[in-house]
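First comes the structure, then the notes that go with it.
Everything quoted here is computed from the prediction, not taken from an experiment. Positions are given from 1 along the sequence.
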Amino acid sequence: MKLYIFYFYLICTLATCFLLMVSCSKDDPADTTAPMASFSSPVEATKYVRGQSLICNAVFEDNDELSHVDISISSLKSLKGYNDPWLASESVELTGKTSELSAYQVFGEAIPFEIMSGEYMLEFTVFDKALNYSTYKFNVTVE
């Protein structure tokens, strides 16, 4: 009789564990697809002069929901002049599955006159709501 009670409790325990595992699983698969971007400007190896605006024309797409794009610029090599290199960054909010930046002035101002000339890396990192991301880099020259 004790053996039957033991098997009964064992079966009940296993059934409860199975039901808990099934009920706790997610119905929707996790978003693991990184967002994409296509740029018509800037383009690789473009030369800019101080006082000129750095303009971005791009379309951002995601299979689910976009979040934002982080934009930054940093110096690479062969900087010329006595001033500091140009270091700037910003974040731009994106919404929906598709979002566009059209004639967008990067960093909200023209290229500063008081920076060193030379080669820079302009980087765009696009995030979706699930925090998947893609990075796009452009070498630009400031004269």
Scan residues 96-123 for pairs that pass ring pair (Phe, Tyr, Trp, His ring centres under 6.0 Å), counting only residues two or more places apart or in two chains.
W86-F107

Between [Y] and [X], is there a side-chain heavy-atom distance shorter than 4.5 Å?
X    : Y    : value
D70  : F127 : yes
L101 : V92  : yes
P42  : Y48  : yes
D31  : N132 : yes

Do F124 and M36 share a hydrophobic cluster, counting only Ile, Leu, Val, Met, Phe, Trp and Tyr and linking them when any side-chain heavy atoms are less than 4.5 Å apart?
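As far as the 4.5 Å side-chain criterion goes, M36 and F124 are connected within one cluster.
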
Determine which pairs satisfy salt bridge (Lys or Arg N to Asp or Glu O under 4.0 Å) with at least one residue from residues 81-109, sequence neighbours left out, and list them in order.
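Qualifying pairs, neighbours excluded: none.
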
Give me each pair satisfying salt bridge (Lys or Arg N to Asp or Glu O under 4.0 Å) with a member in residues 44-59, each pair once, sequence neighbours excluded.
K47-E143

Can you see which heavy atom on [X] is nearest to which on [Y], and at what distance?
X    : Y    : result
V126 : A37  : CG2-CB, 4.2 Å
Q105 : A110 : NE2-N, 3.3 Å
I73  : L122 : CB-CD1, 4.2 Å

For a quick test of your reading: what N or O donor-acceptor pairs under 3.5 Å do the side chains of residues 54-66 make, sequence neighbours left out?
| residue | atom | partner | partner atom | Å |
| --- | --- | --- | --- | --- |
| N57 | OD1 | A103 | N | 2.6 |
| N57 | ND2 | S41 | OG | 3.0 |
| D62 | OD2 | D64 | N | 3.0 |
| D62 | OD2 | E65 | N | 3.0 |
| E65 | OE2 | G96 | N | 3.3 |

Quick check for you: to the nearest 0.5 Å, what is the distance between [X] atom [atom1] and [Y] atom [atom2]?
X    : Y    : atom1 : atom2 : value
N83  : M116 : CG    : CE    : 7.0 Å
S67  : K129 : OG    : NZ    : 4.5 Å
I111 : S117 : CD1   : OG    : 11.5 Å

Only counting residues at least two apart or in another chain, list the ones meeting side chain to side chain contact (heavy atoms under 4.5 Å, CB included) with S72.
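Partners of S72 by the side chain to side chain contact (heavy atoms under 4.5 Å, CB included) criterion, ordered by chain and then number, come out as S89, E123.
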
What residues, two or more places apart in sequence or in another chain, satisfy ring pair (Phe, Tyr, Trp, His ring centres under 6.0 Å) together with Y136?
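Expected list: F39.
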
